[in-house]
Amino acid sequence: MTWSPSSPGFWRSPVRGPWFTSVLGVVLLGGITVLFVTGLVSYAAYNPNLSPVNDKTPDKGLLGFYLFSWPTDPHWLYRLNQGVHVTLGVTLIPVLLAKLWSVVPKLFTLPPARSLTHALERLSLLLLVGGGLFEFVTGVLNVQLDYVFPGSFYPLHFYGAWVFFAAFVAHAVLKTPAALRNLRRLREEQGELVSPRPAAPTVSRRGALWLVGGGSLLLFATTAGQSFDGPLRRTALLAPHGGPDPADGPNGFQINKTAAYAGIAAAETSEDAWRLTVTGRTGTVRLSRGDLARLPLHSSSLPIACVEGWSTSDQWWRGVRLRDLAALVGHDGDPPDVFVESLQRHGSFRRAALRANQVADPRSLLALYVNGEDLSPDHGYPARIIVPAAPGVLNTKWVARLTFGDL
Ligand SMILES: Nc1nc2c(c(=O)[nH]1)N[C@H]1C(S)=C(S)[C@@H](COP(=O)(O)O)O[C@H]1N2
Ligand SMILES: [Mo]
């Protein structure tokens, strides 16, 4: 007798069955919901509705309905959100793969559609499986390959998330009641997923589940450390910004793009060459680094927290308050938004807009020093932005120009 993938007898693993599929499904129900919410929150943190330079998905239309002004408290907000998003995403990979494996016989059932309803259901499953794989693959590639991607990561991951989540909600509504029933009914295993001629078991259903859980745990243990410093960071073997700290000394914390990568030459950042141009209501002032250092200096302890999930602990920054710079050009008391431009000539992270609430926060600085020393060239010398609770991308390095005014 010949068996084709469309006949139930082709699939012989005795592990397949409604209980196994339901356990994984319930884990994904919770996990993917958290991924979706933290993903939307992360996008809001860019303040995309403030300025087109912040907006990575300018054609989002109604999908931006939920955007809100990103707060500056608590100062670790983005660090937590993005650490959860990326670490949870990586951790769920084995669960997703096991879930897909557990239902793969259904992919081959014939006829492809028994009715219109059945056809629609299978089409939604295509969006579910395709969308799920797409989101996990784009996310992992962005974290691991540092934006090497066919097309910009942000719109792909953003629109993909909405397509995937819509299919996911439909699926969850249809399947959760049955999944919960399956979890309660432990012994009688029946239904289309159960193989009619099971092979001899090499592992029990529970054993298989432990295997998936172990895989998840291993990924978790080798990823989560990228959100911490010290010995924990060393455990983040899978994370590009994990492993040992990049260097010793006050500037020895993680670097996203180096000065060399950004094309910043030492000649343009020297005391003689570099000037900060600040523009506002009353005109423009130009300040050397020496001028800035003679203004009132303030300290704040703030982390760098990247969209890729890695973050530093709080670093001790010292510099001029953004609201003091606003006051210098005629915005006393109630500072407006600011448009920040870097010396950097190419690349999408050389400009950013900050909202008035971020400018007004006394912890928001144009930093000149970190941990008691001059900023290193790679961390943004002569001056960089640091704002509480903001994603790393808004902490522009090698700042050349600040333009205050409502955007
Ligand atoms: N000019 C400029 N500023 C920049 C970037 C950049 O590419 N160019 N990258 C941003 C991103 S994405 C992050 S996460 C932080 C990283 O800061 P660090 O390299 O000092 O850790 O810098 C931000 N500032
Ligand atoms: Mo970043």
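Only this structure's heavy atoms are used, side chains among them; waters, hydrogens and symmetry mates stay out. Atoms within each ligand, like the ligands themselves, are counted from 1 in listed order.
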Is any side-chain N of the basic residue among Asp73 and Arg363 closer than 4.0 Å to the acidic one's carboxylate O?
-> yes
Numbering the atoms of ligand 1 from 1, which are under 4.0 Å from a heavy atom of Ser342?
-> 1 (N)
A student checking ligand 1 against Trp398 at a 4.0 Å heavy-atom cut-off should list atoms 1 (N), 2 (C), 8 (N)
Is Arg281 salt-bridged to Asp406, cutoff N-O under 4.0 Å?
-> no
Arg350 and Glu341 ion-paired at < 4.0 Å = no
Among Arg350, Lys257, Gln344, Glu341, closest by any non-hydrogen atom to atom 2 (C) of ligand 1 = Gln344
Stepwise salt bridge (Lys or Arg N to Asp or Glu O under 4.0 Å) test for Lys60 and Asp55 | CA-CA 9 Å; Lys60 64 190 173 302; Asp55 197 347; 2.7 Å; yes
Per-atom filter on ligand 1: closer than 4.0 angstrom to a heavy atom of Asn256 are 11 (C), 12 (S), 13 (C), 14 (S), 16 (C), 18 (P), 19 (O), 21 (O)
Does Arg384 have a heavy atom less than 4.0 Å from any atom of ligand 1?
-> yes
Would you please say whether a donor-acceptor pair under 3.5 Å links the side chains of Tyr154 and Tyr43?
-> no
Ala262, Pro246, Gly392: member with heavy atom nearest to atom 11 (C) of ligand 1 | Gly392
Ignoring hydrogens, just give me the one of Lys397, Gln82, His379 whose non-hydrogen atom is nearest atom 19 (O) of ligand 1.
-> Lys397
If you count the atoms of ligand 1 from 1 in the order shown, which ones are under 4.0 Å from a heavy atom of Thr396?
-> 3 (N), 24 (N)
Any side-chain heavy atom of Val84 sitting closer than 4.5 Å to one from Leu80?
-> yes
Proximal ligand 1 atoms for Ile255, defined as those under 4.0 Å from one of its heavy atoms | 19 (O), 21 (O)
Identity of the nearest option to atom 6 (C) of ligand 1, non-hydrogen atoms only, from Trp310, Phe349, Tyr261 | Phe349
Taking only residues two or more places apart in sequence, or in another chain, which ones meet Trp11 in a ring-ring contact (aromatic ring centres under 6.0 Å, His included)?
-> Phe108
Thinking salt bridges, do Glu268 and Arg345 make one under a 4.0 Å N-O criterion?
-> yes
Asn395 heavy atoms within 4.0 Å reach ligand 1 at atoms 22 (O), 23 (C), 24 (N)
